[in-house]
> 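Can you read through this structure? Questions will come right after.
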Amino acid sequence: MSGTLRVGVLASGTGTNLQAILDRVHGRGGVEVVAVGSDQPSAQALERAALAGVETAVFPREEHADRAERDLAVARWLQGRGVELVVLAGYMQLLAPAFLSRFAGQVINVHPALLPAFPGIRAIEQALDYGVKVFGVTVHFVDEGVDSGAIILQRALDLPEATEAEAVRSALRPVEHDLLCEAVRLIARDAVRIDPANPRRVLIAS
Ligand code: GRF
């Protein structure tokens, strides 16, 4: 990739991961966040984007015929802004194949577990119910499955005494912010490749 990487972020909630990207990556190192979209009109992420002067849009499911149509509208909006990388930062929707085919290999997600353990919603609660002592964060490419795309970055966190989901969430949040920002930086400097010998494996150039 040459020049500036134009990034679009999709978020459904509070948007602390979006804020980390805006604070640490946006406008430096060849990264520009140019669009923030949400399925939720009340998402705090939209306010954060607006404060940073980034264009926003809302795509509520009920305003479109079905999920595929909604996702197509999101894809067209992002493509209209020249987005080259889509970051899911707490976006609580699966993306339709029609979206993913338009952004093949260009969508990443942050997940609060060490995938492939505990995909899907309530990942931290799943891990606590299982009784794990090591938690963690994964940043991965998005495919048509649930948190099943190739893994870009992972980091573990020892929390052997953890019993409360909120405490684990708080402990993982800074790790999420670090890893997601790092993944965007790496992609911006074209340091992320799929291993030709194993498409599940992501190679990171040093
Ligand atoms: C994060 O825990 C992320 O891993 C999950 O959704 C949460 C979003 O948090 N996918 P925030 O909205 O970025 O604060």
Side-chain angles (χ1 to χ4, degrees), residues 1 3-112 120-121 123 137-149 152 173 176-177 179-185 187-188:
M1 252 164 252
T4 300
L5 178 71
R6 294 174 69 81
V7 175
V9 179
L10 299 179
S12 302
T14 53
T16 66
N17 281 283
L18 166 67
Q19 192 67 55
I21 293 170
L22 291 171
D23 291 345
R24 303 187 208 169
V25 196
H26 174 55
R28 56 184 91 180
V31 176
E32 202 67 39
V33 179
V34 296
V36 173
S38 184
D39 56 319
Q40 300 292 333
S42 59
Q44 197 189 336
L46 295 168
E47 290 167 37
R48 296 178 189 270
L51 276 173
V54 176
E55 196 178 337
T56 63
V58 185
F59 299 88
R61 166 66 190 82
E62 57 277 13
E63 287 180 15
H64 301 269
D66 55 27
R67 190 169 67 88
E69 281 303 318
R70 190 267 306 276
D71 288 1
L72 216 46
V74 180
R76 288 194 188 113
W77 182 70
L78 294 170
Q79 284 179 318
R81 271 131 206 94
V83 165
E84 301 154 290
L85 175 69
V86 180
V87 178
L88 307 187
Y91 188 60
M92 303 309 285
Q93 300 284 323
L94 280 180
L95 287 168
F99 183 103
L100 293 171
S101 62
R102 281 173 170 71
F103 287 100
Q106 296 172 286
V107 185
I108 66 171
N109 180 46
V110 60
H111 184 73
I121 58 168
V137 171
T138 304
V139 176
H140 62 92
F141 283 113
V142 174
D143 62 12
E144 290 182 21
V146 177
D147 300 322
S148 54
I152 304 169
R173 205 141 252 167
E176 290 192 336
H177 299 170
L179 252 52
L180 192 55
C181 288
E182 184 58 16
V184 174
R185 279 189 210 105
I187 292 170

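Numbers here simply count residues along the sequence, with the first being 1. All values below come from the heavy atoms of this structure, side chains included, with hydrogens, waters and symmetry mates left out.
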> Run the numbers on Val31 and Ile187 for side-chain contact (heavy atoms from CB on, under 4.5 Å), then give the verdict.
CA-CA 10 Å; Val31 176; Ile187 292 170; over 6 Å; no
> What are the two closest heavy atoms between His111 and Ala123, and how far apart are they?
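Looks like NE2-CB, 3.4 Å.
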> Evaluate the side-chain proximity of Val142 to Leu88: yes if any heavy-atom separation is below 4.5 Å, no if none is.
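In contact.
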> How long is the gap from CG on Leu72 to OG on Ser101, to the nearest 0.5 Å?
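Separation between the atoms: 8.5 Å.
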> For the residue pair Arg61 / Gln93, report whether a side-chain donor-acceptor contact shorter than 3.5 Å exists.
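There is no such pair (donor and acceptor under 3.5 Å, judged by atom type) between the side chains of Gln93 and Arg61.
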> For the residue pair Arg67 and Leu94, what are the closest heavy atoms and their distance?
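Result for this residue pair: NH1-O, 2.9 Å.
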> Taking the side chain as C-beta and beyond, is there a heavy-atom pair between Gln79 and Phe103 under 4.5 Å?
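Of all side-chain heavy-atom pairs linking Phe103 with Gln79, at least one is under 4.5 Å.
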> Against Val54, only a single residue in Leu22, Val9, Leu18 fulfils side-chain contact (heavy atoms from CB on, under 4.5 Å); can you say which?
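The side-chain contact (heavy atoms from CB on, under 4.5 Å) with Val54 is passed solely by Leu22 among Leu22, Val9, Leu18.
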> Rounded to the nearest 0.5 Å, how far apart are CG of Asp143 and OG of Ser148?
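So the gap between those two atoms works out to 3.5 Å.
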> Looking at Arg81, is its backbone amide N or carbonyl O close enough to the side chain of Arg6 to form a donor-acceptor pair, meaning the two atoms are under 3.5 Å apart?
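At least one qualifying donor-acceptor pair exists.
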> To the nearest 0.5 angstrom, please state how far the CD atom of Gln44 sits from the CG atom of Leu51.
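Here the rounded value is 9.5 Å.
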> Which residue, Asn17, Asp23, Thr16, forms the side-chain hydrogen bond (donor to acceptor under 3.5 Å, both in side chains) with Gln19?
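Of all the options given, the one that passes is Asp23.
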> Would you say the side chain of Val110 lies within less than 4.5 Å of the side chain of Leu179, judging by non-hydrogen atoms?
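No, every pair of side-chain atoms sits at 4.5 Å or beyond.
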> How would you list, by chain and number, every residue that makes a salt bridge (Lys or Arg N to Asp or Glu O under 4.0 Å) with Glu182, sequence neighbours excluded?
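Only Arg185 meet the salt bridge (Lys or Arg N to Asp or Glu O under 4.0 Å) criterion with Glu182.
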> Using only atom types and a distance under 3.5 Å, with no angle test, would you say the side chain of Arg70 pairs donor to acceptor with the backbone of Glu63?
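No: the side chain of Arg70 does not pair with the backbone of Glu63.
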> Checking Val74 against Phe59 for the side-chain contact (heavy atoms from CB on, under 4.5 Å) test, could you report, in this order, the C-alpha distance in whole Å, the side-chain angles of both residues, the deciding distance, and whether it holds?
CA-CA 7 Å; Val74 180; Phe59 299 88; 3.5 Å; yes
> Looking at Thr56 and Trp77, what are the two nearest heavy atoms and their distance?
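Of all heavy-atom pairs spanning Thr56 and Trp77, the closest is C-CZ2, 3.7 Å.
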> Of all heavy-atom pairs between Gln106 and Glu84, which one has the smallest distance, and what is that distance?
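The answer is NE2-O, 2.9 Å.
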> Would you say the side-chain atoms of Gln40 pair up with the backbone N or O of Ser12, donor to acceptor, closer than 3.5 Å?
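Here the side-chain-to-backbone pair does not exist.
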> If you measure from CG on Leu180 to CD1 on Ile152, what distance do you get to the nearest 0.5 Å?
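One finds 9.0 Å between CG of Leu180 and CD1 of Ile152.
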> Can you confirm whether Val87 sits close enough to Val107 that some side-chain heavy atom of one is under 4.5 Å from a side-chain heavy atom of the other?
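No, their side chains stay 4.5 Å or more apart.
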> If I compare all heavy atoms of His140 with all of Gly149, which pair ends up nearest, and what's the gap?
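The answer is CB-O, 3.8 Å.
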> Where is the tightest heavy-atom contact between Ala11 and Ala89, given as atom of each residue plus distance?
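Result for this residue pair: CB-O, 3.3 Å.
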> Any side-chain heavy atom of His26 within less than 4.5 Å of one from Val7?
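No, every pair of side-chain atoms sits at 4.5 Å or beyond.
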> Less than 4.5 Å apart, any side-chain heavy atom of Leu100 and any of Glu144?
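SC-SC contact between Leu100 and Glu144 confirmed.
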> Could you check whether any side-chain heavy atom of Asn109 comes within less than 4.5 Å of a side-chain heavy atom of Val139, counting everything from C-beta outward?
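SC-SC contact between Asn109 and Val139 ruled out.
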> What is the distance from atom NE2 of His64 to atom CG of Asp39, rounded to the nearest 0.5 Å?
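Between atom NE2 of His64 and atom CG of Asp39 there are 10.5 Å.
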> May I ask you to test the Leu78-Phe99 pair for a side-chain heavy-atom distance under 4.5 Å?
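SC-SC contact between Leu78 and Phe99 confirmed.
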